[in-house]
Each structure stands twice: as structure tokens, then as C-alpha cells.
*Asks:* 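The structure is given below, and queries will be raised subsequently.
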Amino acid sequence: MKKPTAGLALLALASTGLLQMQPAAAAETCSESYLIPLTSWERSPITATDPSGRYQVAQLGDRTGRLGVGIWRNGVAETMVPLLDGYIEPLDVNVRAEVVGFGYAGGEPMGAWRARGTQRTALPAPTGADSAKAVAINSAGEVAGVITTTAGSQGIVWSPSNEPRALPVPDGFTSAEATDIDDDGTVVGFAVNLDEFGMPTRQPVVWPADGGYRLLLATDHDYTWPSAVRNGIAIGEDGQSVVSWNLAADTETVVAASEARSGEVNAGGDFTVTRTPSAAPAVTDFIRRGQPVRAAGPGYAVGLSDSGRVYYEDHRVFDCGS
């Protein structure tokens with residue numbers, strides 16, 4: 001594969017709107033530290049971190065199979081959403097320690113939820129929805145997610161007061177999914193359609209906060225999707241490449257050309273990208289425009305703070321921004 005390295009330069013291809021990052025030298029290494037868990041659930045895997053890096057969340061479990069949600073604040077295990085019979089999985093947390101995810105408990109159907117403190121609240125799905133999943137929450141408490149119906153899937157946004165608003169499925173497509181929500185309420189995701197042979201084609205989509213939708217650039221329609229968005233910059237995958245989209249300029253930038261998976265983007269436009277060479281362990285890189293690429297550490301990262309800290313599910317933290 002083409003290994004991400006230092007000295008990133010941009011080459012604009014005006015005819016397609018596509019940009020490409022050209023690496024130039026070996027990756028440096030970030031300094032490593034650890035979270036400091038202090039309770040019996042200290043070994044639970046981290047699943048997400050908020051943009052400030054203050055909060056991390058994890059799925060908890062006991063020997064009877066009951067599940068709950070744990071919240072760390074400044075490296076200390078602080079709050080636990082009570083263990084319940086059923087299934088519960090946290091997928092995101094914001095700067096106010098509000099957690100969102102999906103699951104079921106106490107006889108509930110599979111659905112989306114929001115937790116504030118130790119209280120978990122089911123998020124209502126529109127009439128006709130069979131199931132719902134909350135995947136992301138912004139600083140204002142707006143939640144992006146996905147609902148499924150007999151017709152397919154559809155993106156959805158819940159207001160801070162839990163009122164649902166379905167996002168339009170783009171014309172010519174049968175389904176759509178939201179993957180993240182920016183602080184201004186902009187949602188990113190992808191639309192799906194089946195061809196005459198029943199094979200799916202995908203198109204990355206942005207849903208502005210004021211309504212409607214816009215299709216984003218893509219070169220490979222078999223596998224393309226944005227995984228995260230922040231301050232108008234999204235990161236995701238387009239075929240074999242990790243790419244970023246500038247939503248205002250409507251451009252696509254190749255960040256890593258092959259054998260890599262997209263990660264997160266922070267307020268400064270830094271990225272995490274995980275290299276996945278076939279003959280070596282995965283390694284997550286920290287990419288800041290105009291600076292050498294830095295190797296955070298082995299494995300897949302689950303969070304990136306605005307200060308440039310990279311978080312892993314096993315509680316490792318790499319300081320890449322200093």
C-alpha cells in the first residue's frame with residue numbers, strides 16, 4: 001500500500017473537484033498515556049469520546065449478562081447508567097456528557113435512546129418505523145440516527161427535546177442512512193439504490209440544517225460513505241481510498257490511497273486514519289495539514305479530541321496534537 005507520510009501537499013484537479021494529498025516521509029510517533037479508571041468496570045472497552053476529550057463512554061456488563069453504560073470524566077470513571085436485562089450499546093457522547101445509542105431493555109423493542117446522567121430515555125420513532133438507532137449527537141443535543149421501515153432505511157434527526165424529524169431520501173434512491181451530525185445541525189450519510197442485479201450502489205449525501213439534501217462527489221459507487229463531520233469537513237471512504245469532503249466548496253480530497261479505514265475529524269480539521277496492510281497489524285495515524293503524519297499507535301482508534309488526543313477502546317490515549 002501507499003503508506004501515509006509527512007509533508008502533505010494538495011494537488012487540485014479542477015475538472016472533477018477532486019483533490020489529492022501527496023505524502024512524503026515516514027510517520028513520526030505520538031506520545032502515549034492512559035486513562036485512569038477507578039471502579040470495578042474499569043476494563044470495559046471505550047466506544048466513543050466527546051470532542052473536548054473530557055468524556056468517554058463504554059458498554060458495561062456483569063456475569064449475568066446485564067448491560068449498562070459507563071461514563072468517564074477527565075480519566076476517572078464517574079457515572080453508570082444502571083445495568084439492565086437486554087441489550088444496550090453507546091455510540092456517541094457530546095461535550096455535556098449526553099450519550100446516545102441503541103438497544104432494548106425491559107420489554108422495549110429495539111430502538112434509539114439518549115442518556116443524561118443515570119437516566120436513559122427512549123427516542124420516539126415516526127409512525128411506521130420498525131426500529132431506530134441513534135448514531136451521533138452534537139454539542140446542542142441534536143441526535144442523528146437511522147430508522148427502518150418496510151420500504152427501507154431513512155435518516156432521522158431528534159431535537160434536544162427528542163422530537164423526531166425524518167430526512168428525505170434522495171431522488172433515485174430507495175434508502176438512506178445518517179452517520180454523523182455537525183454542531184450547526186448539518187447531517188452527513190449516504191443513499192443506497194439496488195441495480196438490476198440487486199447489487200447496491202451508494203452515494204454520499206449531506207442534509208443541511210435548513211432542509212433538503214445535496215449529493216457529494218464520489219468516484220466509486222459500490223462503497224462510499226462519510227464516517228464523521230466537524231465544522232463543515234467530513235471524512236469517510238470512497239472505494240479503496242480514505243477521503244475528506246469540504247461541504248462548502250463541494251470538493252473531495254484523497255487522504256489515504258489504499259489499505260486504510262476512515263476515522264474521525266476534529267474542529268481543527270485533523271483526521272485519524274487507520275492503515276490496514278494485509279501483512280501487518282493495523283495502525284492509526286494522526287493527520288494535521290501542513291505537518292508530518294504521526295503514528296498514534298497500533299489498532300483502531302475510537303475517538304479524536306479537538307486538542308489532538310487519540311483514544312482507543314483499551315483505554316490507551318496518544319497525544320498527537322502537541
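Nothing fancy with the numbering, it's 1 onward along the sequence.
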*Asks:* After noting the C-alpha distance and the side-chain angles of F190 and Q203, does the key distance pass the side-chain contact (heavy atoms from CB on, under 4.5 Å) rule?
*Replies:* CA-CA 5 Å; F190 60 91; Q203 182 75 37; over 6 Å; no
*Asks:* If you compare all heavy atoms of G297 against all heavy atoms of R316, which two are closest, and at what distance to 0.1 Å?
*Replies:*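 Heavy atoms only, the tightest pair is C-NH1, 4.4 Å.
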*Asks:* Is a side-chain N or O of T174 found less than 3.5 angstrom from the main chain of V192, in a donor-acceptor match?
*Replies:*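 It does hold such a pair.
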*Asks:* At their closest point, which heavy atom of S262 faces which heavy atom of I235, and how far apart are they?
*Replies:*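 Shortest heavy-atom contact: CB-CG1, 4.1 Å.
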*Asks:* So does S33 get a backbone contact from the side chain of D319, meaning a donor-acceptor N/O pair under 3.5 Å?
*Replies:*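 Not at all, since once roles are kept as given, no pair shorter than 3.5 Å links the two residues.
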*Asks:* Between T179 (side chain) and P226 (backbone), is there a donor-acceptor pair under 3.5 Å?
*Replies:*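 Yes, because the side chain of T179 sits within donor-acceptor range (under 3.5 Å) of the backbone of P226.
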*Asks:* Honestly curious: do L215 and V187 fall in one hydrophobic cluster under the side-chain, below-4.5 Å linking rule?
*Replies:*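 Same cluster: L215 reaches V187 through Ile, Leu, Val, Met, Phe, Trp or Tyr contacts under 4.5 Å.
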*Asks:* Mark yes or no for whether T47, through its side chain, and P90, through its backbone, hold a donor-acceptor pair below 3.5 Å.
*Replies:*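 Looks like yes, one N/O pair under 3.5 Å.
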*Asks:* Let me confirm one number: the CH2-NE2 distance from W72 to H315, rounded to the nearest 0.5 Å.
*Replies:*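 W72 CH2 to H315 NE2: 4.5 Å, rounded to 0.5 Å.
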*Asks:* If every non-hydrogen atom of V95 is compared with every non-hydrogen atom of R54, which pair is closest and at what distance?
*Replies:*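 Nearest heavy atoms, V95 then R54: O-NH1, 4.2 Å.
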*Asks:* Look at atom CD of E89 and say whether more than 12 heavy atoms of other residues, nucleotides or ligands are closer to it than 6.0 Å.
*Replies:*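 For E89, atom CD is crowded (more than 12 foreign heavy atoms under 6.0 Å).
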*Asks:* Rounded to the nearest 0.5 Å, what's the gap from CG on N246 to CD1 on I233? Could you check?
*Replies:*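 N246 CG to I233 CD1: 4.0 Å, rounded to 0.5 Å.
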*Asks:* Is the closest side-chain donor-acceptor distance between S131 and T148 under 3.5 Å?
*Replies:*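 A pair is found: one side chain offers a donor N or O, the other an acceptor, under 3.5 Å apart.
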*Asks:* For P51 and V93, which heavy atoms make the closest approach, and how far apart are they?
*Replies:*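 Smallest heavy-atom distance, with atoms named: CD-O, 4.3 Å.
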*Asks:* May I ask you to decide whether D180 forms a salt bridge with R230, counting only side-chain N to carboxylate O separations under 4.0 Å?
*Replies:*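 Salt bridge flag = no for R230 with D180.
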*Asks:* Would T219 and D238 count as having a side-chain donor-acceptor pair, cut-off 3.5 Å?
*Replies:*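 The answer is yes; a qualifying pair exists.
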*Asks:* Answer with yes or no whether the hydrophobic clustering places V99 together with I137; edges join I, L, V, M, F, W, Y residues whose side-chain heavy atoms lie under 4.5 Å apart.
*Replies:*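 In one cluster with V99: I137, no.
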*Asks:* Can a donor-acceptor pair be found, under 3.5 Å and without considering hydrogens, that links the side chain of H221 to the backbone of T201?
*Replies:*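 Side chain of H221 to backbone of T201: no pair is present.
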*Asks:* Is it the case that one hydrophobic cluster holds both V243 and L247, taking links as side-chain heavy atoms less than 4.5 Å apart, direct or via other members?
*Replies:*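 Hydrophobic grouping puts V243 with L247.
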*Asks:* Would you call L167 and I156 a side-chain contact if the rule is heavy atoms closer than 4.5 Å?
*Replies:*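 Result no, sub-4.5 Å side-chain heavy-atom pair not found.
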*Asks:* Answer yes or no: is there a donor N or O on one side and an acceptor on the other, between the side chain of S153 and the main chain of A176, under 3.5 Å?
*Replies:*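 A pair under 3.5 Å: yes.
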*Asks:* CE/M199 to CG/L194 distance, rounded to the nearest 0.5 angstrom?
*Replies:*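 CG of L194 is found 9.5 Å from CE of M199.
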*Asks:* Do T284 and T274 get their side chains close enough for a donor-acceptor pair, meaning under 3.5 Å?
*Replies:*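 Note: T284 and T274 side chains meet the donor-acceptor criterion.
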*Asks:* Can you measure from OG (S305) to CD (E264) and round to the nearest 0.5 angstrom?
*Replies:*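 Going from OG on S305 over to CD on E264, the span is 11.0 Å.
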*Asks:* Start with the C-alpha distance between N94 and S139, add both sets of side-chain angles, then the distance that settles side-chain hydrogen bond (donor to acceptor under 3.5 Å, both in side chains), and finish with yes or no.
*Replies:* CA-CA 6 Å; N94 70 3; S139 60; over 6 Å; no
*Asks:* Of all the heavy-atom pairs spanning G185 and N138, show the shortest one and how long it is.
*Replies:*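 Minimum heavy-atom contact is N-ND2, 4.0 Å.
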*Asks:* Could you tell me whether Y300 and Y312 have their ring centroids closer than 6.0 angstrom?
*Replies:*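 Ring centres of Y312 and Y300 not closer than 6.0 Å.
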*Asks:* Does P168 offer a backbone N or O that forms a donor-acceptor pair with the side chain of W207 under 3.5 Å?
*Replies:*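 Checked: pair present.
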*Asks:* Are F173 and V206 co-members of a hydrophobic cluster defined by side-chain heavy atoms under 4.5 Å apart?
*Replies:*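 As far as the 4.5 Å side-chain criterion goes, F173 and V206 are not connected within one cluster.
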*Asks:* Under the side-chain contact (heavy atoms from CB on, under 4.5 Å) rule, what do Y213 and V169 come out as? Steps first, then yes or no, please.
*Replies:* CA-CA 8 Å; Y213 65 85; V169 175; over 6 Å; no
*Asks:* For the atom pair CZ (F286) and CZ (R294), what is the distance rounded to the nearest 0.5 Å?
*Replies:*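 Spacing of CZ (F286) from CZ (R294) equals 7.5 Å.
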*Asks:* Do Y104 and F102 belong together in a cluster built from hydrophobic side chains that touch within less than 4.5 Å?
*Replies:*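 Y104 clusters together with F102.
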*Asks:* Evaluate the side-chain contact (heavy atoms from CB on, under 4.5 Å) criterion for residues Q56 and Y311: first the C-alpha distance (whole Å), next the side-chain angles of each, then the deciding distance (0.1 Å), finally the verdict.
*Replies:* CA-CA 9 Å; Q56 291 77 40; Y311 295 82; 3.4 Å; yes
*Asks:* Would you confirm whether N162, through its side chain, and L123, through its main-chain N or O, come within 3.5 Å as a donor-acceptor pair?
*Replies:*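 Between the backbone of L123 and the side chain of N162 there is no qualifying donor-acceptor contact (under 3.5 Å).
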*Asks:* Is the shortest heavy-atom distance from the side chain of I147 to the side chain of P126 under 4.5 Å?
*Replies:*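 Yes. Closest side-chain heavy atoms under 4.5 Å.
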*Asks:* Say whether, by atom type as modelled, one donor and one acceptor occur between the side chain of T79 and the main chain of I71 under 3.5 angstrom.
*Replies:*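 Here the side-chain-to-backbone pair does not exist.
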*Asks:* Checking the side chain of D182 only, and the main-chain atoms of T186 only, is there a donor and an acceptor separated by less than 3.5 Å?
*Replies:*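 Absent.
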*Asks:* Salt bridge check, R275 against D285: does any charged N sit closer than 4.0 Å to a carboxylate O?
*Replies:*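 Yes, D285 and R275 are salt-bridged.
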*Asks:* side-chain contact (heavy atoms from CB on, under 4.5 Å) between L60 and M80: does it pass, once the steps are laid out?
*Replies:* CA-CA 9 Å; L60 311 181; M80 185 178 80; 3.3 Å; yes
*Asks:* For S258 and Q240, run side-chain hydrogen bond (donor to acceptor under 3.5 Å, both in side chains): C-alpha distance rounded to whole Å, both residues' side-chain angles, the deciding distance at 0.1 Å, then the answer.
*Replies:* CA-CA 5 Å; S258 65; Q240 296 298 312; over 6 Å; no
*Asks:* Output the distance between atom NZ (K133) and atom CG (L91), rounded to the nearest 0.5 Å.
*Replies:*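 The distance works out to 6.5 Å.
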*Asks:* Are E259 and T276 linked by a side-chain donor-acceptor pair shorter than 3.5 Å?
*Replies:*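 Distance-only check fails for E259 and T276.
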